Amino acid sequence: MKIDIDSYREILDTLTRNKSRSFLTGFGVFWGVFMLVALIGGGQGLKEMLNKNFEGFAQNTTFIWAQQTSKPYKGFRKGRWWAMDYKDIERLRQRVPELDAVAPVLYGTWGMSNTAYYGDQKTQPRIQGVTPDFADIVAPRMYYGRYINEMDLHQHRKVCVLGKKVYKDLFKDGGDPCGKSIRIDSTYYEVIGVDYNASGGMNFNGRAEEKVTLPLTLVQQTYNRGNEVDMIAVTGRSGVVMSRLAPRIRETVARAHYIDPQDEQGVMVFNTEVLFQLLDNLFRGVNFLIWLVGLGTLLAGAIGVSNIMMVTVRERTTEIGIRRAIGATPRMILSQIISESVVLTLVAGMSGILFGVLVLQMLELGNTEDGILAAHFQVGFWTALFAALVVSAMGVLAGLAPAARAMSIKPVDAMRDE
């Protein structure tokens with residue numbers, strides 16, 4: 001059959017136009033799937049990073065510390081400064097039996113840094129003294145060595161656990177520092193461990209990575225603190241709601257120091273349970289928003305697929321009419337149109353999943369430090385499979401309207417179509 005140059009150009013233009021529309025429609029599905037995968041993985045990584053800020057903190061933890069009173073009580077005027085003492089530990093254990101761990105914390109100097117030296121390196125850490133029970137409340141992440149134990153406490157051993165930043169500032173070459181001695185001001189301490197717990201979400205008297213942890217009895221002796229306690233950390237037994245114990249905890253400490261039990265500013269009781277509930281509610285909203293945006297973008301891509309298939313059916317009216325005339329059944333026409341729609345969406349969708357996984361992998365590599373992964377940004381296998389199934393389902397739905405349009409074409413009318 002002979003075709004003139006104008007007819008050839010018309011056919012070529014039609015094919016090029018269809019390819020361009022198919023590419024743009026496929027890109028819409030690709031972008032929708034990529035957005036869904038990237039948002040899910042990014043949201044998971046963000047949640048993990050925020051959770052790591054509070055890593056190690058028991059979710060039923062309460063911290064108590066002394067502040068300036070805001071109410072007068074039994075002849076004492078408001079605005080009085082006071083301090084907790086070691087006897088408050090025993091009072092809490094006796095009068096609030098629902099508590100599991102009760103751990104005192106003592107700081108070398110409030111709001112001030114000391115100077116630590118190792119060789120020609122120096123840094124300015126914060127000093128904190130703790131008991132071994134403190135590890136049950138704020139679990140350390142020991143990169144090297146061990147944490148403070150009972151023997152260190154009872155024998156007033158001059159040992160210390162370094163925070164991450166202190167370790168990196170003093171030991172530039174890395175390696176295990178355990179057994180080596182550092183000098184803090186004029187006193188030498190043996191390093192027994194390195195704690196990589198950042199605890200960036202809750203900081204008391206400085207960040208955890210900037211602290212040097214000593215046995216509490218040693219801090220009492222070295223800094224002449226006597227029986228004072230700067231902070232008390234407590235956890236409740238299993239099934240105990242700490243927010244219900246807060247008034248009793250405040251009253252126990254307040255009455256022993258002649259402070260109004262209703263003075264919430266004078267005896268500060270901070271309950272982490274409220275904070276963790278707030279984070280849970282926040283990420284429920286974030287996850288809902290992620291799925292809403294992702295599925296909305298996918299739906300927009302599916303509508304684009306439906307439109308391009310509708311145009312394709314209109315341009316192939318004569319071809320469909322001829323096929324119907326020579327014996328093609330409506331089911332055959334239906335399966336052809338839906339198959340084309342599914343293939344178009346599935347190819348674009350799988351490409352979007354692969355590209356999203358690649359981007360998330362690069363994001364993970366960028367958040368790795370010292371061989372430790374800061375957060376997992378990847379989506380799970382079942383999430384990716386679910387996304388692929390959603391894309392396939394939308395491909396079927398997108399092809400239904402064009403397929404119905406194709407099946408409604410009568411062979412006689414199709415043959416007359418130009």
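Owing to the predicted nature of the structure, the values given are computational and were not obtained by experimental measurement.
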Query raised in the report: Can we say Asp85 and Arg91 salt-bridge, meaning some charged N sits less than 4.0 Å from an Asp/Glu carboxylate O?
Result: yes

Query raised in the report: Can you tell if the side chain of Phe134 reaches within under 4.5 Å of the side chain of Pro140, non-hydrogen atoms only?
Result: no

Query raised in the report: Would you say the side-chain atoms of Thr235 pair up with the backbone N or O of Ile137, donor to acceptor, closer than 3.5 Å?
Result: no

Query - Asp260 side, atom CG; Lys74 side, atom NZ - distance, nearest 0.5 Å - result: 10.0 Å

Report task. Step through the shown structure and confirm whether more than 12 heavy atoms of other residues, nucleotides or ligands are within 6.0 Å of NZ on Lys71. Result -> yes

Query raised in the report: Asp133: what forms a salt bridge (charged side-chain N to carboxylate O under 4.0 Å, His left out) with it, not counting sequence neighbours?
Result: Arg93

Report task. Drop me the distance from Asn149's CG to Arg157's CZ, to the nearest 0.5 angstrom. Result -> 6.0 Å

Query raised in the report: For the atom pair NZ (Lys122) and CG (Leu170), what is the distance rounded to the nearest 0.5 Å?
Result: 11.5 Å

Query raised in the report: Are the side chain of Arg80 and the backbone of Gly266 linked by a donor-acceptor contact shorter than 3.5 Å?
Result: no

Report summary line: Rounded to the nearest 0.5 Å, the CG atom of Leu214 sits from the CG atom of Leu153 at a distance of 11.5 Å

Query raised in the report: Can the positive tip of Lys164 be found less than 6.0 Å from the middle of the six-membered ring of Tyr196, inside 45° of the ring normal?
Result: yes

Requested in this report: Taking atom OH of Tyr188 as the centre, report whether more than 12 heavy atoms of other residues, nucleotides or ligands fall under 6.0 Å from it.
Outcome: no

Name each donor-acceptor pair under 3.5 Å that joins a side chain in residues 172-184 to protein atoms two or more places apart or in another chain, with its distance.
from, atom 1, to, atom 2, distance (Å)
Asp176, OD1, Cys178, N, 3.0
Arg183, NH1, Asp185, O, 2.7

Query raised in the report: Partners of Arg255 by salt bridge (charged side-chain N to carboxylate O under 4.0 Å, His left out), sequence neighbours excluded?
Result: Glu251

**Report entry** Sidechain N-carboxylate O distance under 4.0 Å for Glu98, Arg248
**Finding:** yes

Query raised in the report: Any donor-acceptor pair under 3.5 Å linking the side chain of Thr115 with the backbone of Gln124?
Result: no

Report task. Check whether any side-chain heavy atom of Arg141 sits under 4.5 Å from a side-chain heavy atom of Asp195, and report yes or no. Result -> yes

Query raised in the report: Between Glu209 and Gly163, is there a donor-acceptor pair closer than 3.5 Å when you use the side chain of the first and the backbone of the second?
Result: no

Query raised in the report: Got Leu162 and Tyr144 here, is their nearest side-chain heavy-atom distance under 4.5 Å?
Result: no

Query - Donor-acceptor pair, side chain of Trp82 and main chain of Gln67, under 3.5 angstrom - result: yes

Query raised in the report: Should Asp263 and Lys78 count as an ion pair when the cut-off is N to O under 4.0 Å?
Result: no

**Report entry** Sub-4.5 Å side-chain heavy-atom contact between Thr252 and Gln94
**Finding:** no

